[in-house]
Protein chains: 2
Amino acid sequence: MSENDSCIIRHLRHYADLSDSDEALLDSLEREPREVERGEALWQTDDPAGRFCTLSKGWAYSFRDMEDGSRQILEIYLPGDIIGLREFAFQERLAGVMMIDDGVVCDFPHRRLLEVFRESFTLSMIFFALSSQQQALLTERLVNLARRSARQKVAHLIYEMYLRLQRTMPYATRRFRLPLSQQQLGDALGLTSVHISRTLSGFREDGLLIRERQWVELLDPDAVASEAEFAGRYLRDGLGPISGE
Amino acid sequence: MSENDSCIIRHLRHYADLSDSDEALLDSLEREPREVERGEALWQTDDPAGRFCTLSKGWAYSFRDMEDGSRQILEIYLPGDIIGLREFAFQERLAGVMMIDDGVVCDFPHRRLLEVFRESFTLSMIFFALSSQQQALLTERLVNLARRSARQKVAHLIYEMYLRLQRTMPYATRRFRLPLSQQQLGDALGLTSVHISRTLSGFREDGLLIRERQWVELLDPDAVASEAEFAGRYLRDGLGPISGE
DNA sequence: CGTGCGGTTGAGGAAGGTCAATATGTGTGG
DNA sequence: CCACACATATTGACCTTCCTCAACCGCACG
């Protein structure tokens, strides 16, 4: 309602109408904001898992380190995202989470989510919907990693970030900040940083996009989308059942 | 309680104690069992999505067909699994689902899940936990596809199926039926059927496992697990929050 | 003004794909 | 019980994509 609504309330409001008590419940999830620094780990694999985290400022990613020393980035989180839903059913973290930028997070224990389930039918559904949406994101990532060429992988990741940023930022432009190193892009896509470099050079030569420092400029967004065979269904969260009630 | 409990009740009961009314609710999800044939599609990508499906008999898989004609298998479902949780937040199917064997499924509309949310706190949590578990499965699959060699991918899939079967079947043995063709194994792992064939031959030569027809025999399960760098955390669903309440 | 991290470029190599020919079944109808 | 058709698996030769290793550049920061 007011200007200073929390990030998560703004985020969830577009799924369904929230009652005042719903908003109060959500507000209680963000009681203790905590500043975190770029490069700081929120937790590591195998840490005990008993809390979630809302990301109210900054970027983060979850990852798994492999035996051979390589790292797989699983998910990239933007402000408004809830981190750690994955581990609700587990005792230990299945992946680490690291801040990409300086930011602000709010922890809340699993117990608090149970209260939400107990007290708000609407929020129960929204959280369930969020979880199923994260499944959809993971699914798309899986397809991207398993079936596409390096060019397609890179184009897909960049275009997905472009769309996701448009949802949260009012008027995102074709030029946006993507604070991931080429090493990190490689870690997310199962490619080496060397190959990321070559691929980005290729895109520049082909007039598709320009990558400079931490910035991306899409010269031809449609061409990027088609290069990636991008099908954005998985980002269009209809949430029919709730609005349809 | 009784012998003829539905598959899903048996499946969910090991997450938490279910009250009689919980069981009645669950029972209502399996009101209309339907026989389906091997090779039959439960639905296709882009079909309207408004229902879930419990698989009470047979195997199934979800998949995405790519523009180049290849197919990515996303998830393999065993009896007791719920199919379609992924699309709760969406209007359309994000993936098709196909029966591997003849089997029996029970459809129920999203609406019915909302009733569950409204009426049972315990079941709300269990369903949320199921969703987060499916996320964990997907995550593991993603890591498998992005970071591992062909040998590791195949070993990992086979070992995962071995463990998952042990959970449902009372005493699964080292020899079990895996009703997937080499083509389908390839579709699941992002490999060609040709390479699956070579990889399986390699395993046989190395004395790790024997694949014959639809059967797998693990000659040395530990060696298979270690070849796959298998870390089974993601299958050990502690579900602390619920039992801890 | 070094020092170090992130990015670029080149040469050579390995994992897995493609294409195609050849088994090996498996099921069906005669 | 056999014959044929069709799906599934095996094997070989060759090719493409991406990796590895290594040198080098350049900007940022102390």
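In what follows, chains are A, B, ... by sequence order, proteins preceding strands, each numbered from 1. For the numbers below, each heavy atom of this structure counts, side chains included, while hydrogens, waters and symmetry mates do not. Quick caveat, the model's predicted, so the values are computed rather than measured.
In this structure, the side chains of A/Phe63 and A/Asp187 stay at 4.5 Å or more apart for every pair of heavy atoms. You'll find the side chain of B/Arg175 stays beyond 4.5 Å of the side chain of B/Leu218, heavy atoms only.
Looking at which nucleotide of DNA chain D each of A/Val194 and A/Arg151 is closest to, the 5′-most match is held by A/Arg151.
Between A/Thr192 and D/dC19, a side-chain N or O to OP1/OP2 separation shorter than 4.0 Å is present. The phosphate of C/dT8 (OP1 or OP2) has a side-chain N or O of A/Gln182 nearer than 4.0 angstrom. Taking only side-chain nitrogens and oxygens, B/Ser149 never comes nearer than 4.0 Å to OP1 or OP2 of C/dA15.
Note: NZ (A/Lys153) to C1' (D/dC19) measures 12 Å, nearest angstrom. For the pair A/Leu191 CG and D/dT20 P, the interatomic distance rounds to 11 Å; values are reported in whole Å. The interatomic distance linking A/Arg147 (CZ) with C/dG16 (C1') rounds to 13 Å, in whole Å. In this structure, the CD atom of B/Gln184 is 7 Å from the P atom of D/dT8, given to the nearest Å. Note: CZ (A/Arg148) to C1' (C/dG16) measures 20 Å, nearest angstrom. Atom-to-atom, CG of A/Leu145 to C1' of D/dC18 comes out at 15 Å; the value is rounded to the nearest Å. In this entry the distance linking CD of B/Gln183 with P of D/dT10 reads 13 Å, nearest Å. Rounded to whole Å, the distance from NE2 on A/His195 to P on D/dT20 is 12 Å.
Remark: the backbone N or O of A/Ala95 is paired with a side-chain donor or acceptor of A/Trp43 at under 3.5 angstrom.
For the contact set between residues 196-215 of chain A and DNA chain D, defined by any heavy atom under 4.0 Å, the members are A/Arg198, A/Arg213.
Atom-to-atom distance recorded for A/Leu137:CG and B/Leu138:CG is 11.0 Å, nearest 0.5 angstrom. To the nearest 0.5 Å, atom CD of residue A/Gln182 and atom CG of residue A/Leu191 are 11.5 Å apart.
Considering all non-hydrogen atoms of both residues, A/Arg64 and A/Leu74 come closest at CG-CD1, 3.9 Å.
Residue B/Asp101 forms a salt bridge (Lys or Arg N to Asp or Glu O under 4.0 Å) with just one option from B/Arg177, B/Lys57, B/Arg38, and that option is B/Arg177.
Proximity note for A/Ser181 (side chain, C-beta onward) versus C/dG6, D/dC18, D/dG12: the nearest is C/dG6.
Contact annotation for B/Gly186: no contact, since no heavy-atom pair falls under 4.0 Å across all strands.
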